[in-house]
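Report on the following structure.
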Amino acid sequence: MNEPKTVAFKTLGCRLNLYETDALAAEFVRKNYKIVDFGEPADLYVINTCTVTNQSDQKSRREINVAHKANAHGVTIVTGCMATNYKEQLEKNEAIDYVVDNQHKTSVLAVAEAHFNGELVDINHFDANLFNYSPADTTFHTRSLIKIQDGCDNFCTFCIIPKVRGRATSRPPEDIFENIKTVIAYGYKEIVLTGVNLGRYQHGAYDFERLTEEILEIPGDFRVRISSIEPDGYSESFFRLFNHPKLTPHLHICLQSGSEEILLKMRRMYTARFFKDMAIKLQQMHPGFNLTTDIIVGFPGETDDQFGETLEMMKTIGFGHVHTFKYSVRKGTRAERMEGQVASHEKTQRSEEVRKLADEMKLSFRTSFIGKTQRVLVEKIRDDGTASGYGEHYVPVVIREHGLTANTFYDVMIEDILAGDEPTLTGTRVVETN
Amino acid sequence: MQTKGKHRLIDIRHLTDSTYVLQMERNGLQFDAGQHILLGAAGDLNQREYSIYSGNRDEYLEVLIKEVDDGDVSKKLKNITIGDYLQVEGPLGYFRLDTKLVPDKKFLFISSGTGIAPFHSMVKSHPELDYTVLHGVRYGYEGYERSHYDKNRYIQCTSGDETGHFHGRVTDYLKAHPIDNSTICYFCGNFKMIREAMDILEKKGIPHHQLHAEVYF
């Protein structure tokens, strides 16, 4: 019997990419491939790239080089958003065997199989289908990511995603329900609804709210987390869904800027005032809710005062976590042609200010959990025998006990916080007494 | 339902030296008034977003275009000839009327320059609309096909001459006139106008959720 072929995966960027890599990896395992760590010699490398910023492009290129160095004779397939955005350029790179755009990503296994069978491979002859991934029984994560939507029609002036992910498309609800039931049967305890612009989910009579509502009614011991969303299009009735015990009280809603003028120039679909009102309403309805966000600093024309408005907005809302991006020009976007590009050193300084404030807010937010309980899904047993995982608010928790089991829920009394770059709560199990 | 395809050019109407309307085959493209399309010459990789100018009951599809000095697309499109093909993708976007409100509410459409295009489509698509169009331009001759609007519902604000109904910018007009607080307000044009106009209306007490904007660049 032939030795199984080895395959190594690297994922860059968003949760959608993570989902897609998980699904691809599971398909390779079913076909008897052996997964090895990226950077080790392998017969095949699959790099699922990102192009959202210049830095993402650089990281993606770096990983292509890592694969080439690990085994120059291995087959390298580059897929994802950078592969879509720079297809022709990457096809000239001798370190890459195949460039598979997002439309054909579901065919990565078929491309590999065709290659190993000695067939001539033309990517365009493979199926173009955004949702044709089988549920993954084993993944690189404890949570099961569920792709419900792809693409975006918002055309924010800074964003390359509509070009590389295409127009907004929603997966049929019955496929989603089936996918979720399958992964729950596999034993997953947490599912994460994932897409490019979840709030724009629309399939027949189903919008995102109705879809989420029905997902929450699927029987089983699991919880549901919503991946990153845009601020527009949510009503109070959507926020009421968070009363459901299965829906975790955490949303990552992208603010991008606290300046009304910058938001207009970004062509965002909401105002800073709308965002603030929405955040306050959410926090009033669900005290302790973990609201996290993305912020872009140094968008063309951003003045000191406008940047100051972003800092003020952060302080007003009190985000649990802020992911900061220094604006970088994306070719083909409207912002590329805007005047007033901000100097690099200025962007770095603003980014640092956001980071400092965000760190303070994160520590303060997480400290507020001391003396409260979190339902922790254990992700791993640490080297010292204690367990770590995430509470329902998506805060990291270490349970200072031995003998616990991974992929199991435990109610934990939070007793302390370990400060650091990623402040981590610590506690012990709540012991039920009669 | 979004489509992507080639649409044959039927007509070009030059409204000023730099502004023109392209009329093309509709090819069954369904849209809500206010939405936009991605448009370029067939075979050209460069495309731009343009609001649909025609009504959703028209047999054809129209866009209103201002030629931009350093524009790749607007210059090329001005020089294509009738019978040539255009690459159209769409409809796109969420700038549209809440049709439930159309029977009972007053609508104020605030625009600058070719930002009047989506409102032209809304007015043509919903003849029953109780609307006022406020159109800011530099000179009176830039009232693009103003005869398409009820003359009692179209207010032209001219900042460069006194040939409009109001001499000054749309924001000056808004400051100087009362606006009923129940009015649903839509903005389309450059971001500075929109920002200032929103500010004025909010100070006049128009609730935030009644303000809807589409930015032109």
Side-chain angles (χ1 to χ4, degrees), chain A residues 87-88 103 151-158 162-163 166-170 197 199-200 202-204 207 230-236 257 259-278 281 299-302 306 309 331-340, chain B residues 1-4 31-32 34-40 44-51 68-74 88-96 98 112 115 185 187-203 206-217:
Chain A
K87 194 166 194 292
E88 288 175 9
Q103 292 288 325
C152 185
D153 295 345
N154 280 11
F155 289 93
C156 297
T157 56
F158 56 84
K163 185 178 168 193
R167 301 289 83 77
T169 311
S170 298
N197 192 344
R200 295 296 183 190
Q202 191 70 54
H203 198 286
D207 59 9
E230 297 295 314
D232 46 318
Y234 297 102
S235 60
E236 231 176 283
S257 172
S259 156
E260 299 286 12
E261 190 162 312
I262 293 296
L263 288 177
L264 278 169
K265 285 178 79 175
M266 288 176 167
R267 203 174 177 278
R268 301 289 284 169
M269 301 284 170
Y270 54 88
T271 61
R273 161 92 178 275
F274 171 87
F275 191 103
K276 188 171 80 177
D277 290 350
M278 177 197 67
K281 167 65 77 183
F299 186 78
E302 185 188 62
Q306 288 165 340
E309 287 170 354
K331 201 168 162 42
T333 61
R334 177 64 73 172
E336 180 198 10
R337 304 192 293 278
M338 285 183 183
E339 292 175 352
Chain B
M1 177 70 182
Q2 290 177 9
T3 60
K4 194 174 181 175
F31 65 92
D32 291 330
Q35 288 190 289
H36 64 272
I37 54 173
L38 272 178
L39 179 71
D44 187 351
L45 288 177
N46 285 320
Q47 293 186 313
R48 293 284 183 272
E49 305 101 322
Y50 291 104
S51 294
V68 182
D69 284 344
D70 55 352
D72 285 335
V73 177
S74 61
V88 174
E89 184 176 352
L92 301 164
Y94 306 97
F95 187 68
R96 49 191 167 200
D98 182 346
S112 59
C185 302
F187 310 84
C188 186
N190 72 71
F191 74 90
K192 279 194 186 300
M193 179 280 285
I194 293 175
R195 177 73 211 107
E196 207 180 326
M198 275 188 159
D199 224 23
I200 293 163
L201 292 182
E202 279 190 63
K203 281 180 185 148
I206 312 279
H208 201 63
H209 66 268
Q210 291 172 210
L211 310 178
H212 309 276
E214 179 83 297
V215 189
Y216 272 21
F217 295 95

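In what follows, every chain begins at residue 1, and chains take the letters A, B, ... in the order their sequences are listed.
The number of heavy-atom neighbours closer than 6.0 Å to NZ of A:Lys276, taken from other residues, nucleotides and ligands shown, is 12 or below.
Atom NZ of residue B:Lys192 and atom NZ of residue A:Lys265 lie 7.0 Å apart, to the nearest 0.5 angstrom. Taking CD of A:Glu261 as the reference point, atom CZ of B:Arg195 lies at 7.5 Å (rounded to 0.5 Å). To the nearest 0.5 Å, atom CD1 of residue B:Ile194 and atom CD of residue A:Glu260 are 12.0 Å apart. Between B:Leu38 atom CG and A:Lys163 atom NZ the span is 12.0 Å, to the nearest 0.5 Å. For the atom pair B:Glu202 CD and A:Thr271 OG1, the distance stands at 6.5 Å (nearest 0.5 Å). The CZ atom of A:Arg167 lies 7.0 Å from the NZ atom of B:Lys4; values are rounded to the nearest 0.5 Å.
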Query - Residue pair A:Phe155, B:His36: steps toward the side-chain contact (heavy atoms from CB on, under 4.5 Å) verdict - result: CA-CA 11 Å; A:Phe155 289 93; B:His36 64 272; 4.3 Å; yes
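By the 6.0 Å and 45° rule, A:Arg200 stacks over the aromatic ring of B:Tyr94.
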